[in-house]
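Hydrogens, waters and symmetry mates are skipped; everything else that's a heavy atom, side chains included, is used.
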Amino acid sequence: VIIGSLSCLGFQTAIIRFVPQYRETGNLEHLRGILLTSRLAVLLASTVVAGLVIALVLGARSWIESYYVLPFIIGALSLPMISLGDTLDGTARAHGWTVRALTPSYIVRPLLILVLMAMAYGLGYSIDALTGLVCAVLAAYLTTVGQFLMTAQQVDANLPAGPRAFAVPLWVKVALPIFLVEGSFFLLINADTLMVGLLMAPADVAIYFATVKTLALVHFVFFAVKAGIAHRFAALLADGDNNAVHDMALRSVMWTFWPSLLMGVVLLALAPLLLGMFGAEFRQGYPLLFILVTGVVVRAAIGPAESLLTMAGHQNACAVIFGSVLVANVALNAVLIPWIGLFGAATATFLATLIEVFALYQLVYRRIGVRMSILNAHKVSAVQ
C-alpha cells in the first residue's frame, strides 16, 4: 500500500490543487488536460514500479526468506490499481465529492476483502495470509475499476467535451515535491511498525501492528477532514481571499481536534475489547495506546496544516519538514526500541510527532500568517 501510494508521484494531491483553480478561472482546457495526464502518468509509473518490484524480488530471492517471495510478487500486481485508486480519490476530492472519494478505499475495498475471504472459505481454500493477500489484490482491482467508471461518468457529466491543454512541466514541478511530502508522511506513519519489524521478534510485530491498526479509528478523523478541506483551501487561495483562508484554516482545526479527542477517549475505553478480538495476548498493546493516542490528538491540534501549505504552493518547505521528521523518527526508534521495546517505538513516534507539529505550525504562521492551532481556534470569524 505504501509503494502503491508513492507510485502516484504526487499527482493524487497535485490535482486537488489545480482542479479547483482551473474551475474557478474557467480554464477548462487545462482542466481536461490534467485529469487525463494524472491518470496516464500514474498508471505508467505504477506499472513500471510493479515490474521493478517483481524483478527485484526474483533477483534477490536467495537473500529473502522463501515465504516472502510469492506474497511480494502477488502484492506487486495490485500496485497499478492502488495508485489509480488514490488518483481517483484525489479527483473526487478536487470536485468536492468527499463521500465518493473515501467510500471505495475505506468501505468498499475492506468489505470486498471480507466477502472474498468468506467465498474462499466456502470453496475450501486455506484461510491463511496468502489467501488473504490474493483476496486483497482482487478487491483492489474490483474497487478501482468500479471507482473509475463512476468517477469518469460524474466528471464527464460536469465537464463539457472540448480541447485539452497540457502544462506538464508545471504539473510535474508541483507534483514532485508533493510526492516527497506524501512519501515522507506515509513512511512516517508506518516507520515505527517497520522499525519494530526490523529490530524485534514477529510476535512483537503482531502486537504492535494490531495496536496501531486499532489506532486508525482515531486517525480517520484527520484523514476525513484532510480529504474534505484541501480543495476548499485551493479554491479560496485562487480567489485571493486571505480572511476566508484564515477562517477556514481555524475551522478545519476545530473539525479535526475535538472529534479526534472524543474518538481517542472512546478508543481507550474500548481498546481492551478490540485488541482482545485479535487474541488475549494482544491486550499487551493497550498501554501503548495511551502514548499513541496522545500523539494523534497533538497532531490534530493543528489540523490539516500540511494541506494548507501544499495548496498554497509551499510544498517544497513542507517536504523538508516531513523528510527531517522521518529521519528523526527512524533515529529515535533505533535508539529506543532496543532499550525499552515496544514502548520505545510508541515513544519515538510521539516525540517525532511533537517535532512535526511544532515545525508545521511555525511554517504556516511564517508563510501564510495563520496561527493554526486549537489554542487560536476561538478567533474564527462568526461568518459561516
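- For the atom pair CD1 of Ile34 and CG of Leu170, the computed distance is 8.0 Å after rounding to the nearest 0.5 Å.
- Looking at heavy atoms from C-beta onward, Leu176 lies out of side-chain contact with Phe11 at the 4.5 angstrom threshold.
- Contact detail for Leu275 and Gly285: the closest heavy-atom pair is CD1-C, 3.9 Å.
- Considering all non-hydrogen atoms of both residues, Pro338 and Leu199 come closest at CD-CD1, 4.3 Å.
- Remark: the backbone N or O of Val137 is not paired with any side-chain donor or acceptor of Ser78 at under 3.5 angstrom.
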Legend entry - Criterion side-chain contact (heavy atoms from CB on, under 4.5 Å) on Lys226 and Arg93, from CA distance to verdict: CA-CA 10 Å; Lys226 182 178 178 180; Arg93 290 165 57 189; 4.1 Å; yes
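- When hydrophobic clusters are built by joining Ile, Leu, Val, Met, Phe, Trp and Tyr residues whose side-chain heavy atoms come closer than 4.5 Å, directly or via intermediates, Leu288 is grouped together with Leu332.
- Counting only distance, with no hydrogens or angles, the side chain of Thr151 and the backbone of Gln147 share a donor-acceptor pair below 3.5 Å.
- The main-chain N or O of Ala249 is found under 3.5 Å from a side-chain atom of Ser252 such that the two form a donor-acceptor pair.
- Here the shortest heavy-atom pairing between Leu116 and Cys135 reads CD1-O, 3.4 Å.
- A heavy-atom distance below 4.5 Å is found between the side chains of Leu274 and Leu267.
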Inset, instruction - Report the C-alpha distance between Leu35 and Leu159 in whole Å, list the side-chain angles of each, state the deciding distance to 0.1 Å, and finish with yes or no for side-chain contact (heavy atoms from CB on, under 4.5 Å). - result: CA-CA 11 Å; Leu35 290 173; Leu159 182 64; 3.9 Å; yes
Inset, instruction - Verify side-chain contact (heavy atoms from CB on, under 4.5 Å) between Gln315 and Leu309, making sure each step is shown before the conclusion. - result: CA-CA 6 Å; Gln315 63 274 356; Leu309 288 166; over 6 Å; no
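- A donor-acceptor pair is defined here as one N or O able to donate and one able to accept, closer than 3.5 Å; no such pair exists between the side chain of Ser83 and the backbone of Ser5.
- In this structure, Val212 and Phe209 have side chains that are not in contact, with every pair of non-hydrogen atoms separated by 4.5 Å or more.
- Note on ring orientation: taking the six-membered ring where Trp is involved, the planes of Phe18 and Tyr22 are parallel (angle under 30°, cut-offs 30° and 60°).
- Within a 6.0 Å radius of CZ in Arg39, more than 12 heavy atoms belonging to other residues, nucleotides or ligands are found.
- Between the CD atom of Glu356 and the CZ atom of Phe322 there is a distance of 4.5 Å, given to the nearest 0.5 Å.
- At distances below 3.5 Å, not a single donor-acceptor pair connects side-chain atoms of Asn329 with backbone N or O atoms of Val325.
- The shortest side-chain heavy-atom distance between Ile54 and Leu77 falls under the 4.5 Å cut-off.
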Inset, instruction - Mind running side-chain hydrogen bond (donor to acceptor under 3.5 Å, both in side chains) on His246 and Asn243 for me, showing each step along the way? - result: CA-CA 5 Å; His246 181 278; Asn243 289 331; over 6 Å; no
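- Classification of Arg164 and Glu29 as a salt-bridged pair fails, no side-chain N sitting under 4.0 Å from a carboxylate O.
- Using a 4.5 Å cut-off between side-chain heavy atoms of Ile, Leu, Val, Met, Phe, Trp and Tyr, with links allowed through other members, Ile291 and Val297 fall into the same hydrophobic cluster.
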Inset, instruction - Show your reasoning for whether side-chain hydrogen bond (donor to acceptor under 3.5 Å, both in side chains) applies to Thr193 and Asn190. - result: CA-CA 5 Å; Thr193 305; Asn190 291 280; 5.3 Å; no
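- The number of heavy-atom neighbours closer than 6.0 Å to CD1 of Ile3, taken from other residues, nucleotides and ligands shown, is 12 or below.
- In this structure, the side chain of His95 engages the main chain of Thr91 through a donor-acceptor pair within 3.5 Å.
- Within a 6.0 Å radius of OH in Tyr141, more than 12 heavy atoms belonging to other residues, nucleotides or ligands are found.
- Atom-to-atom distance recorded for Trp171:CH2 and Thr37:OG1 is 4.5 Å, nearest 0.5 angstrom.
- Using modelled atom types, one side-chain atom of Gln284 and one backbone atom of Glu281 make a donor-acceptor pair closer than 3.5 Å.
- One finds the CG atom of Asp89 at 10.0 Å from the OG1 atom of Thr13 (value rounded to the nearest 0.5 Å).
- Put simply, OG1 on Thr294 and CZ on Arg299 are 13.0 Å apart, with the number rounded to the nearest 0.5 Å.
- Using a distance-only test at 3.5 Å, with no hydrogens or angles considered, a donor-acceptor pair links the side chain of Arg32 to the main chain of Pro163.
- Within 6.0 Å of atom OH in Tyr365, 12 or fewer heavy atoms from other residues, nucleotides or ligands are found, so the atom counts as exposed in its surroundings.
- Within a 6.0 Å radius of CE in Met150, no more than 12 heavy atoms belonging to other residues, nucleotides or ligands are found.
- Taking a 6.0 Å sphere around CZ of Phe223, one finds it holds more than 12 heavy atoms contributed by other residues, nucleotides or ligands.
- Between the side chain of Thr310 and the backbone N or O of Ser307 there is no donor-acceptor pair closer than 3.5 Å.
- Annotation: the span from Leu84 atom CG to Gln12 atom CD amounts to 11.5 Å, rounded to 0.5 Å.
- Side-chain heavy atoms closer than 4.5 Å link hydrophobic residues (I, L, V, M, F, W, Y) into clusters, and following such links, possibly through other members, connects Val42 to Phe166.
- The shortest non-hydrogen separation linking Met200 to Val205 is O-CG2, 4.2 Å.
- At most 12 heavy atoms of other shown residues, nucleotides or ligands fall within 6.0 angstrom of atom CZ in Arg61.
- Under the 4.5 Å side-chain heavy-atom criterion for Ile, Leu, Val, Met, Phe, Trp and Tyr, Tyr125 and Leu138 are members of distinct hydrophobic clusters.
- Separation of the Phe290 and Tyr286 ring centroids falls under the 6.0 Å cut-off.
- Shown here for Pro160 and Leu28, the closest heavy-atom pair between the two residues is CG-CD1, 4.2 Å.
- The closest side-chain heavy-atom distance from Phe233 to Pro20 is not below 4.5 Å.
- When side chains are defined from C-beta on, Val320 does not count as touching Asn316, because their heavy atoms never get closer than 4.5 Å.
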Inset, instruction - Show your working on side-chain contact (heavy atoms from CB on, under 4.5 Å) between Phe222 and Val296 and close with a plain yes or no. - result: CA-CA 9 Å; Phe222 173 82; Val296 174; 5.9 Å; no
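- A 4.5 Å side-chain heavy-atom check between Met372 and Pro304 finds at least one atom pair inside the cut-off.
- Residues Cys8 and Phe179 are not in side-chain contact: their nearest non-hydrogen atoms beyond the backbone lie 4.5 Å or more apart.
- No donor-acceptor distance shorter than 3.5 angstrom exists from the side chain of Thr143 to the backbone of Ala140, with no hydrogens or angles considered.
- The shortest heavy-atom contact between Ala210 and Phe282 is CB-CD2, 3.6 Å.
- The hydrophobic cluster containing Leu261 also contains Met254, counting ILVMFWY residues as joined when their side-chain heavy atoms lie under 4.5 angstrom apart, directly or transitively.
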